[in-house]
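Computation of the quantities below employed the complete heavy-atom set of this structure, encompassing side-chain atoms and omitting hydrogens, waters and symmetry-equivalent molecules.
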Amino acid sequence: MSMGWFGAPKEEQEKQRVYFSAIDGLKKMYKDQILPVEDMFKYGNMVSPSLTDADFDAKPQVLLLGQYSVGKTSFIRYVMERDFPGAHIGPEPTTDRFWAVMHGPSERITPGNALAVQADKPFRGLSQFGTGFLSKFESSQCPCPILESVTFVDTPGVLSGEKQRIGRSYDFVKVVQWFAEKSDLILLLFDAHKLDISDEFKRTLSALAGVDDKIRVVLNKADQVDDQQLMRVYGALMWSLGKVFTTPEVKRVYISSFNDKPFREGTNAALFEREREDLLKELRDLPRNAAVRKINDLVKRTRYVKVHALLLGHLRNQMPSIFGKSSKQQELLDNMPDVFRTVQREHHLPYGDFPTIENFCAAVRDYDFSKFPKLDVKMIEQMDKVLSSDVPTIMNQFPTEREDEARAAAAAAAGASGAAAAGGNPFDAFQVVRKVTAVEWAISVGDQTKYRNIFQSASPIDGMLPGEAAKAVLVKSKLPFEILGKIWALSDIDGDGALDVDEFAVAMHLCHQAMAGSPVEDVLPPNLVPPSKRGFSPAAEDPFGTGSA
């Protein structure tokens, strides 16, 4: 297997960098609008630690789970095409600790206690499990190209029997649950000769109920059985998984052998090769999809924080001013299902956003309800704005979204012109699309992020900045109104009298060029037209009243 399969082409790498730049917008949105609510209502202490920059900046993470000797470490070595420091492969239970296999300039191993205090690593949350776990956690770093795009987490083999569970100095299931929430992909590895699911493995899989969409199943060492046995093994595996995952959806199962040896003769080599390629493609897509998943996870967290704040605000309002606080608090704890129903009806919340009653009671039981902060309605409204406006705006910056819009607009324009022109080239639509999408946007990713933050601070309405609001920002450049009017005419590409985030980026870019002494051209250069706007005609009106066209 050549790792050229894993490497992305240059244009895809550029696209991945744009995806990662969207994380900057997520950081600012979280720190400005979500984190203050978390701090006020102690969400970080009660439910989940606050997110850090390292959590946002972390590379996509792949978690490998399975019983001993199913090929977890061999899988990582196969994908990397090399050994990593600390790797030990054998038929016996060799991996007795959690390994984070990461990229580094040189080969080295970092102990867990040191990792948990490094601000640039996404492992600070593991401190909650104490030294009992941290002594069984290490990072293996090496200069492998694949690790520049993804981090692998190797786990101890899950064994059967209560002795192994009791012998651990930490809660294995809770640790796996923590890693699962932080991971972008979870691979459950099974050996074709070991399909049993032990008690501890079943508890571990049950704890992954909230991250089902990340789980993929790998039936490894499939070339070690013949065709008839493989059919029976696959059926037995699906039956076993059906006893654990009580969902109607079927998990995606990859059937192959992930090691550096050729497939055994007389087996389904073509099938195994295709399955291997499919899994490697999913790994290649992780950097791009990771940005989308971070947005998805932040949206989920925002919903949970909102419900958490509303519940605590309601509990505070039910507490007496002076006497009987202790008895009232116990009454509220005993009747927590009624509290949930009341808050749900009052604020029209989906029940799926609520925590389990047991977990919520355990989190708040030791706090004085009367000392919970008073509910700030404006902060809740701001969180609603994050969900309804800010997140969709960030999603619109993703290159695939803009390219899809550009292709649709260009194809529509080309189709219309082709229908009107007699004897026109019937393939002209494809030519137009090719020409439109071939020109890269001249505004750099860094400038896009900077302009996007300014755009958000100007309080856009439904993702659009009205003329007067945009004018208030652009006049700070102190450019003459005739120049600003010309810039507006070039920037308001669709002529709707308002700027979206892409048009605003064009306006800011032209302002900076004019401030540097460059003349403002009469026609917007093709490389400054945002991909989402290619196919539109320039606007004819501007809020500066200059009459420029």
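- Screening Thr155, Leu63, Val153 for a side-chain contact (heavy atoms from CB on, under 4.5 Å) with Lys72, the sole residue that qualifies is Thr155.
- Annotation: side chain of Glu282 is in contact with side chain of Tyr254 (closest heavy-atom distance under 4.5 Å).
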Before you tell me yes or no, could you show the steps for Glu275 and Leu219 under side chain to side chain contact (heavy atoms under 4.5 Å, CB included), namely the whole-Å CA-CA distance, both residues' side-chain angles and the distance that decides it to 0.1 Å? CA-CA 10 Å; Glu275 289 284 285; Leu219 179 55; over 6 Å; no
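- Remark: the backbone N or O of Val70 is paired with a side-chain donor or acceptor of Asn220 at under 3.5 angstrom.
- Residues Ser69 and Lys221 are in side-chain contact: their nearest non-hydrogen atoms beyond the backbone lie under 4.5 Å apart.
- Between atom CG of residue Leu147 and atom CE of residue Met102 there is a gap of 9.0 Å, rounded to the nearest 0.5 Å.
- Using a distance-only test at 3.5 Å, with no hydrogens or angles considered, no donor-acceptor pair links the side chain of Asp353 to the main chain of Leu349.
- In this structure, Glu138 and Thr110 have side chains that are not in contact, with every pair of non-hydrogen atoms separated by 4.5 Å or more.
- Using a 4.5 Å cut-off on side-chain heavy atoms (C-beta onward), Leu65 and Leu189 make no contact.
- Between the Asn335 side chain and the Glu331 main chain, a donor and an acceptor come within less than 3.5 Å of each other.
- Salt bridge status for Asp338 with Arg341: present, with a side-chain N to carboxylate O gap under 4.0 Å.
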Would Leu208 and Val176 satisfy side chain to side chain contact (heavy atoms under 4.5 Å, CB included), going step by step from the backbone distance to the final call? CA-CA 9 Å; Leu208 304 180; Val176 168; 4.3 Å; yes
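- Using a 4.0 Å cut-off between a side-chain N of Lys or Arg and a carboxylate O of Asp or Glu, Lys306 and Asp384 qualify as a salt bridge.
- Residues Leu51 and Lys182 share a closest heavy-atom pair of CD2-NZ, 4.1 Å.
- The side-chain heavy atoms of Leu134 and Phe129, taken from C-beta on, include no pair separated by under 4.5 Å.
- Looking at Lys450 and Asp447, a side-chain N of the basic residue comes within less than 4.0 Å of a carboxylate O on the acidic one, giving a salt bridge.
- Across every non-hydrogen atom of Ser50 and Leu35, the tightest pair is OG-CD1, 3.6 Å.
- Crowding of Lys42 atom NZ: a count of heavy atoms from other residues, nucleotides or ligands under 6.0 Å not exceeding 12.
- In terms of modelled atom types and a separation under 3.5 Å, the side chain of Arg97 and the main chain of Ser135 share a donor-acceptor contact.
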Report the C-alpha distance between Phe137 and Phe123 in whole Å, list the side-chain angles of each, state the deciding distance to 0.1 Å, and finish with yes or no for ring-ring contact (aromatic ring centres under 6.0 Å, His included). CA-CA 10 Å; Phe137 173 51; Phe123 304 121; 5.3 Å; yes
Working for ring-ring contact (aromatic ring centres under 6.0 Å, His included), residues His308 and Phe41: CA-CA 8 Å; His308 179 81; Phe41 291 94; 7.1 Å; no
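- Sparse packing is recorded around CG of Asp462, with 12 or fewer heavy atoms of other residues, nucleotides or ligands lying under 6.0 Å away.
- Remark: Lys214 does not engage Asp184 in a salt bridge, criterion side-chain N to carboxylate O under 4.0 Å.
- Between the side chain of Gln128 and the main chain of Gly125, a donor-acceptor pair closer than 3.5 Å is present.
- With rounding to the nearest 0.5 angstrom, the CG atom of Asn113 is 6.5 Å from the OG1 atom of Thr131.
- Taking the side chain as every heavy atom from C-beta outward, Leu332 and Met319 approach each other to under 4.5 Å.
- We find the CZ-CG distance between Arg303 and Leu298 to be 11.5 Å, quoted to the nearest 0.5 Å.
- The aromatic rings of Phe98 and Tyr170 stand perpendicular to each other, their planes meeting at an angle above 60°, with 30° marking the opposite boundary.
- Residue Thr151 comes nearest to Val101 through the heavy atom pair CG2-O, 3.4 Å, listed as atom of the first residue, atom of the second, then distance.
- One N or O on the side chain of Ser457 and one on the backbone of Ile454 form a donor-acceptor pair closer than 3.5 Å.
- The two residues Pro392 and Leu387 make their nearest non-hydrogen contact at CD-O, 3.7 Å.
- Using a 4.0 Å cut-off between charged nitrogen and carboxylate oxygen, Glu381 and Lys378 do not count as a salt-bridge pair.
- Looking at Ser48 and Arg301, their side chains do bring a donor and an acceptor atom within 3.5 Å of each other.
- For Lys251 and Asp213, the salt-bridge test fails: no basic side-chain N is under 4.0 Å from an acidic carboxylate O.
- Across all their heavy atoms, Ile109 and Pro85 have their closest contact at CG1-CB, 3.8 Å.
- Counting only distance, with no hydrogens or angles, the side chain of Ser389 and the backbone of Lys385 share no donor-acceptor pair below 3.5 Å.
- Closest non-hydrogen pair, Lys328 versus Gln318, comes out as CE-O, 3.2 Å.
- A 6.0 Å sphere centred on NZ of Lys300 holds more than 12 heavy atoms belonging to other residues, nucleotides or ligands.
- By the 4.0 Å N-to-carboxylate-O rule, Asp278 lies close enough to Arg252 to be salt-bridged with it.
- The aromatic rings of Phe75 and Phe152 lie perpendicular to each other, with more than 60° between the two planes, well past the 30° mark.
- With hydrogens and angles left out, the side-chain atoms of Gln330 and Asp334 include a donor and acceptor closer than 3.5 Å.
- In this structure, OG in Ser139 is found 5.0 Å from CG in Leu115, a value given to the nearest 0.5 Å.
- A distance of 5.5 Å separates CD1 of Ile34 from CE of Met383, quoted to the nearest 0.5 Å.
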Begin with the C-alpha distance, continue with both residues' side-chain angles, and end with the deciding distance and a verdict on side chain to side chain contact (heavy atoms under 4.5 Å, CB included) for Glu503 and Asp494. CA-CA 9 Å; Glu503 293 172 322; Asp494 52 16; 3.0 Å; yes
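- Judged purely by distance below 3.5 Å, without hydrogens or angles, the side chains of Ser183 and Gln61 pair a donor atom with an acceptor atom.
- The distance from atom CG of Asn359 to atom OG1 of Thr356, rounded to the nearest 0.5 Å, is 3.0 Å.
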Should Val47 and Phe360 be marked as a side chain to side chain contact (heavy atoms under 4.5 Å, CB included) after you check the CA-CA gap, both sets of side-chain angles, and the distance that decides it? CA-CA 8 Å; Val47 183; Phe360 182 77; over 6 Å; no
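- A 4.5 Å side-chain heavy-atom check between Gln329 and Leu315 finds every atom pair outside the cut-off.
- Residues Glu38 and Tyr30 have side chains that bring a donor and an acceptor to within less than 3.5 angstrom of each other.
- Aromatic ring pairs are classed by plane angle as parallel below 30°, tilted from 30° to 60° and perpendicular above 60°; the pair Tyr78 and Phe258 is perpendicular.
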Take Tyr451 and Phe455, measure what ring-ring contact (aromatic ring centres under 6.0 Å, His included) needs, and give me the verdict at the end. CA-CA 6 Å; Tyr451 299 150; Phe455 179 85; over 10 Å; no
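- Using a 4.5 Å heavy-atom threshold, the side chains of Asp32 and Gln456 count as separate.
- A salt bridge between Lys27 and Asp57 is present, with a side-chain N of the basic residue lying under 4.0 Å from a carboxylate O of the acidic one.
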